[in-house]
Asker: 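Mind having a look at this structure? Questions to follow.
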Number of protein chains: 2
Amino acid sequence: MLQRARVCVEGQSMSTQTPASTTTDSTPAADAGDDLQRSGRDATATRHALVRAARRRFATDGYRATTVRQIAADAGVNVALINRYFVSKEGLFEACMLRTSDELDTQTPPRPADVEGIIARLVEHVVNAPDGDDPLQLLLLLRSSGDENADGIRRRTLEHFTKRLATAAGWSPTDPDTADLMLRAQLAIATMLGVVMLRTSAAVQPVASAGSDDLDAPLGEVFRLLLSRPV
Amino acid sequence: MLQRARVCVEGQSMSTQTPASTTTDSTPAADAGDDLQRSGRDATATRHALVRAARRRFATDGYRATTVRQIAADAGVNVALINRYFVSKEGLFEACMLRTSDELDTQTPPRPADVEGIIARLVEHVVNAPDGDDPLQLLLLLRSSGDENADGIRRRTLEHFTKRLATAAGWSPTDPDTADLMLRAQLAIATMLGVVMLRTSAAVQPVASAGSDDLDAPLGEVFRLLLSRPV
DNA sequence: CTCGGGTGTAAACGCATGCTGACTTATCGA
DNA sequence: TCGATAAGTCAGCATGCGTTTACACCCGAG
């Protein structure tokens, strides 16, 4: 190892970030080449830019098809910095996965339950797939790096997300009546992932060009069927 | 191009195939290394073995992560024969995709409708995912090679499958009451793909180890909700 | 027998990839 | 002001990839 080798998630802990970067959060940015012309010399911003670019590339193109040079170019950063800050390509992927895991955590409630609200948010995620970064992070959960570490994180993230969703829908480890909610919540997640996949990666019609008006109703039905308790 | 460059699907048109190959069809064969110790000198059998091995590799590991040497080793065949018979790795992928497209075609009825029967078959496909070759071919539909040709075939296959399923469920291009069935059929396909993905690629619990008893009911509900006309 | 084409083999080529180590440049406290 | 250290740059290495080329083998037709 070189020096200290800090493979951190650099998530909610950073505060003084993004200098000279106008597109910080939820701007569309359909083109892959933003983050350019940064006024360097800011390690935190550099790491952030790398993770941002990497998440997009990994999610859309997959792990193997993405090259570190592409990521570095997208982030407007020298290639060697990937190895400096994340040790390896796989370390960067792991950081992306951890970040997605954290974001997913903050977006799903820990314990209580408001099934209709949850359903609405799930649908929103799927529908907004082509734009923004939020739905792409879902596709990241389907991408395998082939490495034990990163894929373990991926599996645990999906299982944790499942438990969160099932809990929000009323699952309880003690109540045998809610035992199947775990599996049902996971089927809902599988549906989400499948739809996002078809919409973005494969661009299959008609679902790829379907809007909120077309998708809200059937998706809501499916999620309601899976997550609402039959009283 | 070298000589004639026949990139054929070699599907239903071959009859005198598989000499000295005991495991021809639906044997489990969870290990990746069958097809070995072939008694060479049979181009048809060689092509068949290559496609068989390639489909498994492409479906499980993805296009980029699969190497031609792996495929050749799985098929018990020299690497150069891939280029001889399929011109390139991408040509082999295209042949795999075409074969999947054809098999999917023969398995879905062309016009009539027996929704319950269709649903039962869809569920069967998903549940049997870890074993056999049938469900793996579904994952192939999610894999992108990055090439225009193969990915076009993939998109068209998915769209054709959508139309088949919607038609079987009662969709008619003239009847406006059935207009949304197209999208609903595609959501059903997305659900299938998502579940198979979670079961095989990510091995996420509890869906990965769920059996027919656990999956039949909720999956049937979802497919029925999406495909059955509300009278 | 011999010839020729179909089949399989072995070795290597060119290239792109991930990664490394030595170097330069900016930043900031003493 | 100045040097120590962090931040970034550059050229190149080693490897694995897809592909190609040249060669050996088998077998039926003439």
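Letters A, B, ... mirror the listed sequences (proteins, then strands); counts begin at 1.
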Asker: Kindly compute the distance separating CZ (B:R143) from CE (B:M97), expressed to the nearest 0.5 Å.
Answerer: 10.5 Å
Asker: Looking at D:dT20, D:dG18, C:dT7, which one has an atom nearest to any side-chain atom of B:T67?
Answerer: D:dG18
Asker: Would you kindly give the CZ-to-P distance between B:R84 and C:dG5, to the nearest whole Å?
Answerer: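 Result: 14 Å.
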Asker: Check every atom of D:dA7, C:dG8, D:dT9 against the side chain of B:L81 and return the nucleotide holding the closest atom.
Answerer: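 Of the options given, the side chain of B:L81 lies nearest C:dG8.
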Asker: Considering only C:dG18, C:dC19, C:dG8, which nucleotide approaches the side chain of B:R41 most closely?
Answerer: C:dG8
Asker: I need the CG-P distance between B:D42 and C:dT7, as an integer number of Å.
Answerer: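 Whole-Å distance recorded here is 8 Å.
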Asker: Using whole Å, what does the distance between atom C1' of nucleotide C:dT17 and atom NZ of A:K89 come to?
Answerer: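 The answer, rounded to whole Å, is 8 Å.
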Asker: On DNA chain C, does the nearest nucleotide to A:T66 precede the nearest nucleotide to A:A80 from the 5' side, or the other way round? Give the residue.
Answerer: A:T66
Asker: Let me know the distance between CZ of B:R47 and P of C:dT7, rounded to the nearest Å.
Answerer: 8 Å
Asker: In whole angstroms, how far is the C1' atom of C:dG18 from the CD atom of A:Q70?
Answerer: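 So the two atoms are 13 Å apart, to the nearest Å.
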Asker: Looking at B:E159 and B:K163, is any side-chain nitrogen of the basic one under 4.0 Å from a carboxylate oxygen of the acidic one?
Answerer: no
Asker: Is a salt bridge present between B:E103 and B:R55, judged by a nitrogen-to-oxygen distance below 4.0 Å?
Answerer: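 Yes, B:E103 and B:R55 are salt-bridged.
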Asker: State whether a side-chain donor-acceptor pair under 3.5 Å links B:D61 with B:T66.
Answerer: no
Asker: Which nucleotide wins on minimum distance to the side chain of A:S88, given the candidates D:dC10, C:dG18, C:dC19?
Answerer: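 Out of D:dC10, C:dG18, C:dC19, the nucleotide with an atom closest to A:S88's side chain is C:dC19.
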Asker: Check this for me: does any side-chain nitrogen of one of B:R56 and B:D74 sit under 4.0 Å from a carboxylate oxygen of the other?
Answerer: no
Asker: So, OP1 or OP2 of C:dG8: does either fall under 4.0 Å of a side-chain N or O from B:T46?
Answerer: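 For B:T46, the contact criterion (side-chain N or O under 4.0 Å from OP1 or OP2 of C:dG8) is met.
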Asker: Between A:N78 and D:dG8, does any side-chain N or O lie under 4.0 Å from OP1 or OP2?
Answerer: no
Asker: Between the base of D:dG16 and the side chain of B:R69, is one N or O donor paired with an acceptor at under 3.5 angstrom?
Answerer: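 Under the 3.5 Å cut-off, the side chain and the base do not form any donor-acceptor pair.
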Asker: Starting at CZ of B:R64 and ending at P of D:dG16, how long is that distance when rounded to a whole Å?
Answerer: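 After rounding, the gap between these two atoms is 18 Å.
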Asker: Mind calculating the distance between OH (A:Y63) and C1' (C:dG18) to the nearest angstrom?
Answerer: 9 Å
Asker: Could you tell me how far apart B:L50 (CG) and C:dT7 (C1') are, to the nearest whole angstrom?
Answerer: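 Atom-to-atom, B:L50 to C:dT7, this comes out as 13 Å.
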